[in-house]
Amino acid sequence: MKNSKITIVILCSLIVVGCENNQKLDVASQALFYAADKCMLDVRDLNLKYEDSPNCTSLDALATLYIEAGGFRPETPNKYQIKAEQARVKAWQALAISESDKPFLSIW
């Protein structure tokens, strides 16, 4: 599992390095969103704990790539901000489910 986390981060890093600014943001926000979605699936559907899911544990490195690409700044284009915020929400949901042991935890 640790190898897949490293693979995800290395691939995203290599892709981001060779891109223009908006391309970097696009790749980084998509990678962050995809990993957060997979993180949720790992926790909710596969009953993995957040800290045991390679998709969940890769989010920190992917968020760093997103920030380095220009994310979470006032001038970041909205479409990338929205993708990153959706990823953040998914990650928090996955963490809450993991900690509560209730796969269909809902706040509404």
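These numbers come from the heavy atoms of this one structure, side chains and all, not from hydrogens, waters or symmetry mates.
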Would you say the side-chain atoms of Ser53 pair up with the backbone N or O of Leu48, donor to acceptor, closer than 3.5 Å? no

Residues in salt bridge (charged side-chain N to carboxylate O under 4.0 Å, His left out) with Lys90, at least two apart? Asp37

Return the CD to OH distance between Gln30 and Tyr80, rounded to the nearest 0.5 Å. 9.0 Å

Nearest 0.5 angstrom please: Phe33 CZ to Lys83 NZ, how far? 4.0 Å

Residue pair Leu32 / Ala63: nearest heavy atoms and the distance that separates them: CD1-N, 3.7 Å

Heavy atoms of Asn22 and Pro77 approach each other most closely as OD1-CG, 4.1 Å

How would you list, by chain and number, every residue that makes a side-chain contact (heavy atoms from CB on, under 4.5 Å) with Lys38, sequence neighbours excluded? Tyr34, Leu41, Asn55

Might you point out which heavy atoms bring Leu62 and Ala35 nearest each other, and give the distance in Å? CD1-CB, 3.4 Å

Partners meeting side chain to side chain donor-acceptor pair (under 3.5 Å) with Asp26 (sequence neighbours left out): none

Of the non-hydrogen atoms in Tyr50 and Cys56, which two are nearest, and what is the gap between them? O-CB, 3.2 Å

Can you name the residues that form a side-chain contact (heavy atoms from CB on, under 4.5 Å) with Phe72, not counting sequence neighbours? Tyr66, Ile67, Gln81, Ala84, Glu85, Arg88

For residues Leu59 and Ala91, report the shortest heavy-atom separation together with the two atoms involved. CD1-CB, 3.7 Å

Measuring from Ile82:CD1 to Lys79:NZ, what's the distance to the nearest 0.5 Å? 10.5 Å

Pairs touching residues 68-101 that satisfy disulfide (SG to SG under 2.5 Å), sequence neighbours left out: none

Which atom names give the shortest non-hydrogen contact between Val43 and Ala94, and what distance separates them? CG1-O, 3.3 Å

Which residues share a side-chain contact (heavy atoms from CB on, under 4.5 Å) with Lys49, sequence neighbours left out: Glu51, Asp52, Ser98, Asp101

